[in-house]
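Written below as structure tokens is the structure these notes are about.
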Amino acid sequence: MSRFYVTTPIYYVNDEPHIGHAYTTVLADVLARFHRALGDKTYFLTGTDEHGQKVQQAAEKRGVDPQQHVDEYVLRFQEKWDALDIRYDQFIRTTQANHKAVVRHLLQLLWDKGLIYKDTYEGWYSVAEERFLTDKEYEEGDWRDVKQLSETNYWFKMSAYQEKLINYIHDNPDFIQPEFRKNEVLGFLRQELGDLCISRPKSRLSWGIELPFDSEYVTYVWFDALTNYISAIGYPDRDEEFKTWWPADVHLIGKDILTTHAVYWPTMLMAADLPLPKTIFAHGWWLMGDTKMSKSLGNVIRPLDLANEYGVDALRYFLMREMTPGQDASFSIEAFIGRYNSDLANDLGNLVNRITKLLGRNFDSILPDPGETSPEDADLIQHVNGLQERVRDELDQLKVNYAITHVFDVLREINRYLEETAPWKLLKTDKDRAGAVLYNAAEALRLSAVHLYPVMPDKIARLLEVMGTSAKARFGEPGWFEWGHVKSGTTLGQIDGLFPRIEVKEAPEETSVKLDLKPEISFDDFTKLDIRIVKIIKAEKHPNADKLLKLQVDLGAEQRQVIAGIADFYAPEDLVGKSVSIIANLKPAKIRGEISQGMILAAEDDVTVAPLTPLKDVKPGSKVR
RNA sequence: GGCAGGGUAGCUCAGUUGGUUAGAGCACCGGCUUCAUAAGCCGGGUGUCGGCGGUUCAAAUCCGCCCCCUGCUACCA
């Protein structure tokens, strides 16, 4: 028996729970349930990140205290996880007292070790973006509300750990998964690693954890959020508990927060002399941009609503079966229904039905005697007995989707076995043998289902009960994974419609696609735009950017230079002499070192970009209204 | 542009110490069956294994060049 500690990120409490949150959390739940079943000592942590400016602003807007705000908003996650049958061991919130104490302890520790220093940063600050800009960013980009700002903050000496971290990643090949993500992190670390700004003055951000060594500041996101992984399990006071669980076996994360978890967090742990998590696993995203989906239904599918319609377990199954962890996957209602019908209804549900009905009708649902093992019985038993190892091998690599396919291979094997032995015929000639066959089929089904329990806890629990396992028996009890655990003479149950087929209506050609319009504006707003027709007199590649063209355009009274991001679609020579429309009163900006005095108007779809051209020739400089 | 990964059946993908007729699931077609949820079982693919060239007795698998896609990164008025 070993030990398994799995975490999800803590989700930002202001966010609306969506399929990405749900996927990570269900994956963690499935892994945790598997490990519990296999007898491992298991801990599953999830929670919410509840500090920061957005919470502060949202609370102000609602006119409530930030704590009240997060107390209300956290329920959206907790209720969703309840609905999805998530069985975490702890739901941590960064506003809870013990977490805040641990964050302060950690900050004090690093301060005492001289790993945090105070420094004044002077430079460009974008008010709109709420962030400082590097000189390079300022020169090359277009930033609104930029001003020179000087601000004193506290910095963590992250740079001191660059070499150590690179070596650690090389020495621990499983540390960052999948492999290609590891390479990305190493690529990131080839550039010089800077120090990490970890504070904000209270004048700008008050909703946070106060620095223990300076009451004028709160800590900014990293030390607050990442520390949850250790504050939840006893660091530093409950040493025995902490040592039981840390280091974590796997931090599950989305690919968007790889750097914080694979760079910031490890260096923080190194600074505190703590071991690093064994694996950081970055999964992909669910792609929803499938136009086919929205067309066939005329609106946007909200995946989590499918749980209401077709059951929580069906959604959990789909999420786990359809995504190869690490890769992106695409979500469509067609794929969901396809999976449901062919796997859950046909292979599994129908098999349950044929076995339990044959037993009910002919043996009063009392499990018959297996008798002597024939060669075909032995084949079946062998398939089933190898299942646990195959499933476990996949799970050790977090390949839940492959684990599931192994189970369904066995279910198909059982269907074949029934076809070969045809117990419905044997009943007329050799009832004992028919009973033996049904014993074997039932036990094979039970053992297969056991391996699906972590994915579909509700449905499979009901099924296992029907298959002769006491309702009170806890998953993972001795013998569950062994052939013959349920003895002949046991009374089985009946179950109807475990996974009823989803009848697919003939999908009519949908015409309406929902428009995603920006908020309404007034006519005055419109008239602020000065749109003109210009003639392109010269076009060339931007010297310092692949996707940009540098255009000289004739506005009648004057000529201008305009930069346009259309190099992927047009060669410079295609454009010379053409008339296009531009916004002529847009504030000029420097794009990759070249001035741009206006913006070309162009239509864009998922195939190409098409600059807008007048139907008839008009003079350069003509107004567009 | 730099770095990384990929392009195999209609779809999603498996398949490298180079070696017999290149596989799975789904979809589709035909047959069998009718215990069962219009389910089950059996059978059905001449796929240029992205392209061209090379190494070899032998290449999806190794090498070179090229095309396309994805991710990270730079940039995207």
Side-chain angles (χ1 to χ4, degrees), chain A residues 136-137 140-142 178-188 190-191 255-256 258-259 282 284-285 287 321-324 326-330 332 334-335 338-362 401-402 404-405 408-409 411-428 434 437-438 441 495-504 542 544-551 560-568 582-584 586-602 609:
Chain A
K136 200 176 159 200
E137 280 177 326
E140 293 182 349
D142 168 45
E179 178 99 8
F180 66 95
R181 296 291 173 203
K182 177 178 94 176
N183 293 333
E184 284 177 19
V185 173
L186 285 170
F188 179 83
R190 268 195 286 276
Q191 300 158 36
K255 61 184 184 180
D256 50 321
L258 181 62
T259 304
W285 286 337
L287 305 176
R321 173 63 182 79
E322 201 68 10
M323 180 176 270
T324 298
Q327 311 290 119
D328 287 346
S330 68
S332 74
E334 289 86 354
R339 275 288 165 221
Y340 181 99
N341 278 346
S342 66
D343 294 358
L344 298 180
N346 295 354
D347 287 347
L348 176 56
N350 179 56
L351 179 63
V352 170
N353 229 23
R354 59 199 307 211
I355 292 172
T356 54
K357 289 228 165 115
L358 278 167
L359 281 168
R361 202 165 295 154
N362 301 290
N401 59 331
Y402 289 136
I404 289 172
T405 63
F408 278 83
D409 284 344
L411 292 176
R412 277 189 286 274
E413 197 61 42
I414 302 170
N415 269 319
R416 273 193 286 275
Y417 172 80
L418 286 176
E419 218 65 41
E420 283 170 23
T421 54
W424 49 92
K425 286 182 185 163
L426 284 171
L427 280 167
K428 296 165 195 161
V437 163
L438 287 173
I495 191 164
D496 274 322
L498 187 63
F499 294 104
R501 281 181 65 84
I502 300 171
E503 296 306 326
V504 186
H542 191 294
N544 195 25
D546 298 334
K547 298 187 179 176
L548 302 184
L549 291 181
K550 185 164 82 171
L551 310 174
R560 286 189 182 182
Q561 173 165 299
V562 176
I563 305 298
I566 56 174
D568 283 346
I582 70 166
I583 297 184
L586 194 62
K587 185 178 169 188
K590 222 184 222 183
I591 315 297
R592 279 302 257 182
E594 291 285 347
I595 193 79
S596 182
Q597 304 165 293
M599 174 176 174
I600 302 275
L601 293 175
V609 168

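Note on naming: letters A, B, ... go to the chains in the order of the sequence lines (proteins, then strands), and numbering restarts at 1 for each one. Note that this is a predicted model, so its numbers are computed, not measured.
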### Message
Please classify the nucleic acid contact of A:N346 as base, sugar-phosphate, or nothing, using heavy-atom distances under 4.0 Å.
### Response
sugar-phosphate
### Inter-nucleotide P distance (B:rA38, B:rG50), Å rounded
41 Å
### Task
State whether the side chain of A:N341 and the backbone N or O of A:I502 hold a donor-acceptor pair below 3.5 Å, judged by distance alone.
yes
### Query
Taking CG from A:L351 and P from B:rA36, how many angstroms apart are they, rounded to a whole number?
14 Å
### Query
Under a 4.0 Å N-O cut-off, is there an ion pair linking A:K182 with A:E179?
yes
### Message
Say we look at B:rC63 and B:rU55: how far apart would their C1' atoms be, to the nearest angstrom?
### Response
7 Å
### Query
Given B:rA39, is OP1 or OP2 found less than 4.0 Å from the side-chain N or O atoms of A:R501?
yes
### Task
For B:rG45 and B:rA27, measure between their C1' atoms and round to the nearest Å.
13 Å
### Message
How long is the straight-line distance from CD of A:E419 back to CD1 of A:I414, given to the nearest 0.5 Å?
### Response
13.5 Å
### Gap between atoms CD and P, on A:E334 and B:rG10 respectively (whole Å)
20 Å
## Note on the structure
Mate of B:rA24 across any strand shown (Watson-Crick or G-U wobble, both atom pairs under 3.5 Å) is B:rU12
### Message
Partner lookup for B:rU34, please. Criteria are Watson-Crick or G-U wobble with both distances under 3.5 angstrom; report none if nothing qualifies.
### Response
none
### Query
In Å and rounded to the nearest 0.5 Å, what is the CD to CD1 distance from A:Q597 to A:I583?
15.0 Å
### Query
Under 4.0 Å between a side-chain N/O of A:N350 and OP1 or OP2 of B:rG40, yes or no?
no
### Task
Pick base, sugar-phosphate or nothing for A:Y402, based on heavy-atom distances below 4.0 Å to the nucleic acid.
sugar-phosphate
### Message
Counting only heavy atoms and a strict 4.0 angstrom limit, can you tell me which residues of residues 413-423 of chain A come near RNA chain B?
### Response
A:N415, A:R416, A:E419
### Message
I need the CG-C1' distance between A:L258 and B:rA4, as an integer number of Å.
### Response
13 Å
### Query
On a whole-Å scale, what distance lies between the P atoms belonging to B:rA9 and B:rA24?
14 Å
### Query
Under a 3.5 Å cut-off for both distances, is B:rA39 Watson-Crick or wobble paired, and to whom?
none
### Task
Please tell me which of the listed nucleotides, B:rA4, B:rC35, B:rG25, lies nearest to the side chain of A:N183?
B:rA4
### Query
Rounded to the Å, how far apart are A:E322 CD and B:rC11 C1'?
11 Å
### Summary
The reported gap from CG in A:N350 to CG in A:L344 (rounded to nearest 0.5 angstrom) is 12.5 Å
### Task
Remember a base hit wins even if backbone is also touched, and classify A:N362 as base, sugar-phosphate or nothing at under 4.0 Å, heavy atoms.
nothing
### Message
Tell me which nucleotide, if any, is Watson-Crick or G-U wobble paired with B:rG64 when both distances must be under 3.5 Å.
### Response
B:rC52
### B:rU16 versus B:rG30 - spacing of their P atoms, nearest Å
37 Å
### Task
Would you confirm whether A:D328, through its side chain, and A:W285, through its main-chain N or O, come within 3.5 Å as a donor-acceptor pair?
yes
### Query
Using the P atom in both, what is the distance from B:rG2 to B:rA74, to the nearest Å?
16 Å
### Task
Find the partner of B:rG18: check Watson-Crick (N1-N3 plus N6-O4 or O6-N4) and G-U wobble (N1-O2, O6-N3) distances, both under 3.5 Å, and reply none if neither fits.
none
### Task
Provide the distance between the two P atoms, one in B:rC41 and one in B:rU34, to the nearest whole Å.
16 Å
### Message
Once you apply a heavy-atom cut-off of 4.0 Å, does A:G187 come out as touching a base, just sugar-phosphate, or nothing?
### Response
nothing
### Task
Look at all strands and tell whether A:F499 reaches a base, only sugar-phosphate, or nothing, counting heavy atoms closer than 4.0 Å.
base
### Message
If I take atom OH in residue A:Y340 and atom C1' in nucleotide B:rA39, what distance separates them, rounded to the nearest angstrom?
### Response
14 Å
### Task
Begin with the C-alpha distance, continue with both residues' side-chain angles, and end with the deciding distance and a verdict on side-chain contact (heavy atoms from CB on, under 4.5 Å) for A:R560 and A:L551.
CA-CA 8 Å; A:R560 286 189 182 182; A:L551 310 174; over 6 Å; no
#### Entry: For B:rC72, the Watson-Crick or wobble partner whose two distances fall under 3.5 Å
B:rG2
#### Entry: Closest-nucleotide 5' rank along RNA chain B - winner of A:G349 and A:Q327
A:Q327
### Query
Rounded to the nearest 0.5 Å, what separation is found between the CG atom of A:N353 and the CG atom of A:L348?
10.5 Å
### Task
Indicate whether OP1 or OP2 belonging to B:rG25 is found under 4.0 Å from a side-chain N or O atom of A:R321.
no
### Message
Does either side chain, that of A:R354 or that of A:N415, offer a donor lying less than 3.5 Å from an acceptor on the other one?
### Response
yes
#### Entry: Upstream residue (5' side of RNA chain B) when A:L358 and A:D347 are each assigned their closest nucleotide
A:L358
#### Entry: Any A:K357 side-chain nitrogen or oxygen under 4.0 Å from OP1 or OP2 of B:rU37
yes
### Message
Could you measure the distance from the CG atom of A:D347 to the CZ atom of A:F499? Nearest 0.5 Å is fine.
### Response
12.0 Å
### Task
May I have the distance from A:R190 (atom CZ) to B:rC72 (atom C1'), rounded to whole angstrom?
11 Å
### Task
Find the distance A:M323:CE to B:rG25:P and express it as a whole number of Å.
24 Å
### d(CD, A:Q191; P, B:rC3) in whole Å
14 Å
### Task
Please state the C1' separation for the pair B:rU21 and B:rA58 - nearest whole angstrom.
16 Å
